[in-house]
Amino acid sequence: MARHLITSALPYINGIKHLGNMVGSMLPADVYTRFLRQTGREALYICATDEHGTPAELAAKEAGLPVAEFCAQQHDAQKAIYNGFQLSFDYFGRSSSPANREITQHFARQLQKNGFIEERSIRQVYSLADGRFLPDRYIVGTCPHCGYDKARGDQCENCTRVLDPTDLIDARSAISGSSELEVRETKHLFLLQSKLQGEVEAWIDEHGKDWPVLASSIARKWLTEGLNDRAITRDLDWGVPVPADTWPELAAEGKVFYVWFDAPIEYIGATKEWAEQGEADRDWKSWWYEAEDVRYTQFMAKDNVPFHTVMFPATELGTREPWKKVDYVKAFNWLTYYGGKFSTSQKRGIFTDAALEILPADYWRYFLMANAPESDDSSFTWEHFAASVNKDLADTLGNFVNRVLSFSRKRFGDNVPAGNEEGEAEAELGRQIAELLAEYERHLEELQFRKAAQALRALWSAGNSYLETKAPWLEIKTDPEGAALTLRTAMNLIHLYAIVSEPFIPASAAAMRSAFQLEVDNATWVTQDEAKSLTFVPAGTPFTVPPVLFAKITEDDLASYTERFGGGETAA
């Protein structure tokens, strides 16, 4: 059986991430990893903060801190939030780690050895006001392709086109805002991607045919336009240094590797850290080197796709070493905020720390995955969020759990009642639950998260339909034993919901499961036969009524949220 390696795009260190970052990479990766583990697969989920490059230096400068101190603080702050969202990383590392420095420098040496790195003199933007060369992201201006006036020198955030700083119109320094820029000559290392294009194309032809259209189309667009040789070093004070044993002159000048060269390598670096900081028998290399039994799945938003499907595979191929390359790329479109873009740099939208201040993580986890921007962009509005939470979580699931347990306690006491033997209604319910569970599993296997959420919601609805049909509050008046059977069956549904809902709403799943004091409760998933029989919770099992799982979002709540975060006007 294959081992599953899961990575999600590394969140930048330059501030707390917004909900768009969460749904575009880390959260779906977590849902998938949880499902794999629950269904008996070995899965390793690796992520890290992306700490090098211009965003880190600029954010540290704004905070008035040394960049290393700023990154350490932000790593801890981000990790605390991801813990709050119950993201089940096996390891959450840092791209500034010694492990990543070591492996990045190894990659560079191998590429140099194999003739895929070349030192070139280039003309680069120099800021007279700042007294320094400006790396790509230190330069902002207007995108020549779409007219976006806050494009960076490496990529336009609006249209995702990769740029060169000299492409920008009305360019200015991101440090001082000065437009006193001139072009001077300096030396940098270039990755000769043009020499690797044929190999990358052949690799994508073989491995990318089953990728989602979003991922494969972006990769092929890059290849169609032709892979250009790309500078992989920068003039920065913070980053993986160019090794002096290979490029002494550039090392003496303080050159560091471009963040997009070392960041994907951190997936490997973080795995090495995981091994070094864990049990003695952990072997990081078996996940990445000659790892033929590993299936590697990456999760990312569409702006990260070119680097993971073209540039990083080219880097790996150029080492001429058997490094593991991605098998499946799950790419996402944008989550928008009332039609406008979430933006870390412009502080627009709901950020993950504020989200957890307002409501528990499961509210956000469920809504984001049920509305994941898979086939196209999705829009967050407070009205849509409230409607989804109130209908699906509070009314469909939460109300089912509360009324079943509360009514049973009131009429039959603190133990699961026995009642009659199962009849045709229970047999039909079991068949329906088994079918819906199979559909849910299939969508999760295929990484179709919106469809999986629909199937999960259908599972919850099936319980409500059964309860409405049997109406134990009426049944008890004429057939107490029949009412007891209905409630016992419904309690088994609650236990089933607790197990299979865990990938989406882990805290609520744990609360549902803990309602029953079973002597042995070690099931990790539900088989089709178990779904049909619904016998996890036998008669006589003590139970408690948990607190309300999901509180409804009221009109007053909505008013306070929109006052704090804004509503439709944020799209302007």
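On a predicted model such as this, the values are computed, not experimentally measured, just so you know. Side chains are part of it too, since the values below use all heavy atoms of this structure and drop only hydrogens, waters and symmetry mates.
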I'd like to know if [X] and [Y] make a salt bridge, using a cut-off of under 4.0 Å between side-chain N and carboxylate O.
X	Y	value
Arg161	Asp167	no
Arg282	Asp90	no
Asp154	Arg152	yes
Glu502	Arg34	yes
Lys451	Glu446	no
Lys113	Glu321	no
Arg220	Asp205	yes

**Phe504: ring pair (Phe, Tyr, Trp, His ring centres under 6.0 Å) partners, not counting sequence neighbours** =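 Per chain and number, Phe504 pairs via ring pair (Phe, Tyr, Trp, His ring centres under 6.0 Å) with no residue.
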**Message:** According to ring pair (Phe, Tyr, Trp, His ring centres under 6.0 Å), who are the partners of His75, at least two apart in sequence or on a separate chain?
**Reply:**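 Counting only residues at least two positions away or on another chain, His75 forms a ring pair (Phe, Tyr, Trp, His ring centres under 6.0 Å) with Phe92.
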**Message:** For Tyr296 and Thr7, which I'm curious about, is there any donor-acceptor pair between the side chains at under 3.5 Å?
**Reply:**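 The answer is yes; a qualifying pair exists.
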**Prompt:** When the aromatic ring centroids of His308 and Trp260 are compared, is their separation below 6.0 Å?
**Reply:**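 Yes, the ring centres sit under 6.0 Å apart.
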**Asked** Are side-chain heavy atoms of Thr315 and Leu111 found at a separation under 4.5 Å?
**Response**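 They are in side-chain contact.
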**Message:** Both conditions, 6.0 Å and 45 degrees, for the charged tip of Arg41 above the ring of Phe35: are they met here?
**Reply:**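 Yes, Arg41 sits over the ring of Phe35.
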**Request:** Kindly confirm or rule out a cation-pi arrangement of Lys330 over Tyr328, judged by NZ or CZ under 6.0 Å from the six-membered ring centre and within 45° of its axis?
**Result:**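 No, Lys330 does not sit over the ring of Tyr328.
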**Message:** Please list all pairs meeting ring pair (Phe, Tyr, Trp, His ring centres under 6.0 Å) that have one or both residues in residues 151-193, counting only residues at least two apart or in different chains.
**Reply:**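 Every candidate ring pair (Phe, Tyr, Trp, His ring centres under 6.0 Å) pair involving residues 151-193 fails, so no pair, neighbours aside, qualifies.
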**Request:** Kindly determine whether Arg123 and Thr166 satisfy side-chain hydrogen bond (donor to acceptor under 3.5 Å, both in side chains), including the steps that lead there.
**Result:** CA-CA 10 Å; Arg123 295 174 65 76; Thr166 56; over 6 Å; no
